[in-house]
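Numbering of ligands and ligand atoms starts at 1, following listing order. All values below come from the heavy atoms of this structure, side chains included, with hydrogens, waters and symmetry mates left out.
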Amino acid sequence: MKLPYAEPYKIKMVETIKRTKREDREKWIKEAKYNLFNLSSDKVFIDLLTDSGTGAMSDQQWSAIMTGDESYAGSRSFFELKEAIRDILGFEHFLPTHQGRAAENVLFSALVKEGDLVPGNSHFDTTKGHIEIRKATAIDCTIDEAFDTTINHPFKGNIDLNKLDEVLSSNPKEKIPLILITVTCNSSGGQPVSMENIKAVSVLAKKYGIPLFFDAARYAENAYFIKLRENGYQDKSIRDIIKEMFSYADGNTMSSKKDGIVNIGGFIGLRSKKLYDKASMFNIVYEGFLTYGGMAGRDMAALAKGLYESADFDYLESRISQVAYLGNKLKDYGVPVQEPFGGHAVFVDAKRFLPHIPQSEYSAQLLAVELFIEGGVRGVEIGTLLADRDPVTRKNRYPELELLRLAIPRRVYTNNHMDYIAAALKNVYDRRNEITKGFKIIHEKDIMRHFTV
Ligand SMILES: Cc1ncc(COP(=O)(O)O)c(C=O)c1O
């Protein structure tokens with residue numbers, strides 16, 4: 001008999017979570033004004049709001065926490081992290097930051113100015129926020145297939161080279177400070193970018209003399225998909241694939257809360273000493289001295305270990321197969337999901353789930369609320385709320401995809417939890433025709449409204 005799959009770890013510590021009653025959940029979500037960010041976590045049974053900073057650290061990482069060096073300058077933990085980044089990603093220079101958006105803030109302070117254009121594949125919301133706050137524009141050059149949840153394309157994070165070429169050829173080079181590839185592409189469903197596409201984008205970037213950066217939050221998951229799906233990579237190790245991916249880039253921003261498997265942290269990796277020097281100034285002003293930049297020494301030490309752990313094939317296989325396990329369950333129940341399944345999350349297609357609710361009533365948000373009421377499961381809307389308003393016209397931007405994201409924290413839940421989530425969503429699906437109206441916003445902030453709406 002073929003032995004079934006089993007996780008390559010055992011559990012040393014557990015945290016109690018409590019089931020709740022439906023009538024309480026109805027009351028709590030009303031009090032939270034139907035914004036799931038307003039719920040306190042004790043009211044949530046299974047929390048799929050994000051895979052960011054919610055992972056379980058390993059015994060090795062916890063022991064690194066105990067030996068972290070908290071020196072303000074020249075911390076040993078900084079050098080451990082520097083060595084891990086050099087070894088795994090191949091960048092000689094790096095700046096620690098307190099999380100991913102801080103890396104964006106520092107890097108874009110050095111590179112992006114008013115009127116600039118930053119082409120890429122569906123920029124993440126904080127990335128877009130940091131571009132738009134500088135009165136620059138993020139241009140989405142993702143392939144069209146990414147916007148149809150029924151198309152089974154292996155690399156839906158890919159950049160459409162014609163769209164990119166059009167931007168590069170029709171604008172002066174001085175207006176395009178960087179090209180940004182997000183690996184994997186969170187906003188289009190945790191979808192990977194192929195090595196062939198990364199290579200082709202880097203050729204274009206070189207042709208036009210524009211630096212290429214990665215938003216690298218989930219680079220290891222991207223490497224796993226390349227190994228599984230791209231010809232010529234099956235026999236390569238994850239570490240070799242990561243090395244090759246980064247060999248085409250000039251630098252990266254990173255939210256270490258994802259593939260760093262830590263609860264807080266980020267960094268910028270850079271090839272150019274000149275850019276490092278320029279960005280250093282902003283790092284000191286916004287984050288902290290160059291050898292800690294917003295991170296505790298112990299957190300840098302744990303991150304150094306986490307970078308090695310997430311580049312391990314067995315870990316990635318267990319992580320990504322759990323996401324696929326949930327995706328397949330939902331598919332079996334007839335729930336419309338984005339295919340193929342992403343690396344860190346299953347994305348439910350609200351347009352197909354609730355076709356009678358218009359996007360102007362925030363159908364994916366509605367679905368997220370219904371799932372919470374049904375089973376105490378907290379997902380997150382990746383749709384019209386998140387897409388925010390056009391900074392000039394202030395009109396709602398309606399994205400092609402209206403999604404409920406079920407992000408799976410790393411090494412936290414078992415497949416029994418996945419079964420529970422799938423059953424809860426099936427129940428909502430079975431009563432979808434009784435869900436008849438969505439939401440109207442009564443209060444929102446000028447930027448990133450979804451957090452506080
Ligand atoms: C692709 C991507 N980039 C950037 C960020 C921002 O990182 P952070 O939340 O650490 O600021 C995130 C966070 O979810 C992300 O998914």
**Q** Polar contacts were defined as any N/O atom of the residue lying under 3.5 Å from an N/O atom of the ligand; does this apply to Ala217 and ligand 1?
**A**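 The answer is no, given that Ala217 and ligand 1 share no N or O pair closer than 3.5 Å.
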**Q** Identify, for atom 9 (O) of ligand 1, the protein heavy atom at the shortest distance, and state residue, atom and that distance.
**A**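 Here the closest protein heavy atom is Arg101 NH2, 2.9 Å.
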**Q** Number the atoms of ligand 1 from 1 as they appear, then name those within less than 4.0 Å of a heavy atom of Thr182, with their elements.
**A**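 Near Thr182, meaning under 4.0 Å from one of its heavy atoms, ligand 1 has 1 (C).
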**Q** Using the ring of each side chain (for Trp, its six-membered ring), is Phe289 parallel, tilted or perpendicular to Tyr72, with breaks at 30° and 60°?
**A**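 Geometry flag for Tyr72 against Phe289: parallel rings.
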**Q** Considering non-hydrogen atoms of the protein only, which is the closest contact for atom 14 (O) of ligand 1, and what is the distance?
**A**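 Protein heavy atom with the smallest distance to atom 14 (O) of ligand 1: Lys258 NZ, 2.7 Å.
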**Q** Please work out which of Glu104, His98, His344, Gln99 has its closest non-hydrogen atom nearest to atom 4 (C) of ligand 1.
**A**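 That would be Glu104.
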**Q** Inspect the surroundings of CZ in Arg298 and state if more than 12 heavy atoms from other residues, nucleotides or ligands are less than 6.0 Å away.
**A**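 At most 12 heavy atoms, drawn from other residues, nucleotides or ligands, come within 6.0 Å of this atom.
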**Q** Could you tell me the residue and atom name of the protein heavy atom closest to atom 3 (N) of ligand 1, and the distance to it rounded to 0.1 Å?
**A**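 The closest one turns out to be Asp215 OD2, 2.6 Å.
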**Q** Please find the pair of heavy atoms, one from Glu221 and one from Gly343, that lie closest to each other, and give the distance.
**A**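 Taking every non-hydrogen atom into account, OE1-C, 3.6 Å.
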**Q** Does the N or O separation between Ser255 and ligand 1 drop below 3.5 Å for any pair?
**A**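 Ser255 vs ligand 1: N/O contact under 3.5 Å present.
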**Q** Does the side chain of Arg319 come within less than 4.5 Å of His344's, by heavy atoms?
**A**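 Contact flag for His344/Arg319 side chains = yes.
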**Q** Side chain or backbone, does Asn186 bring an N or O within less than 3.5 Å of an N or O on ligand 1?
**A**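 Yes.
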**Q** Heavy-atom count check: over 12 atoms from other residues, nucleotides or ligands less than 6.0 Å from Lys33 NZ?
**A**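 Open: at most 12 neighbouring heavy atoms sit under 6.0 Å from NZ of Lys33.
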**Q** Quick one, Lys258 with Asn186, criterion side chain to side chain contact (heavy atoms under 4.5 Å, CB included). Give me CA distance, side-chain angles, the key distance, then yes/no.
**A** CA-CA 11 Å; Lys258 285 81 172 177; Asn186 188 358; 5.6 Å; no
**Q** What I'd like to find out is whether the side chain of Glu317 reaches to under 4.5 Å of the side chain of Tyr224, using heavy atoms alone.
**A**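 Heavy-atom side-chain distance check passes, below 4.5 Å.
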**Q** Any atoms of ligand 1 less than 4.0 Å from a non-hydrogen atom of Lys257? List them with their elements.
**A**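 So the answer, numbered in order with elements, is 10 (O).
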**Q** Return the set of residues passing salt bridge (charged side-chain N to carboxylate O under 4.0 Å, His left out) with Asp277 (not counting sequence neighbours), or none when no residue passes.
**A**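 Once residues adjacent in sequence are excluded, the partners of Asp277 under the salt bridge (charged side-chain N to carboxylate O under 4.0 Å, His left out) criterion are Lys273.
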**Q** For Thr126, take its heavy atoms, then give the atoms of ligand 1 lying under 4.0 Å from any of them.
**A**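 In order of number, 4 (C), 5 (C), 6 (C).
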**Q** Output yes when the distance from some N or O of ligand 1 to some N or O of Thr127 is under 3.5 Å, and no in every other case.
**A**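 By distance alone, the answer is no.
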**Q** Show the atoms of ligand 1 that are less than 4.0 angstrom away from any heavy atom in Arg218.
**A**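 What qualifies from ligand 1 is 1 (C), 15 (C), 16 (O).
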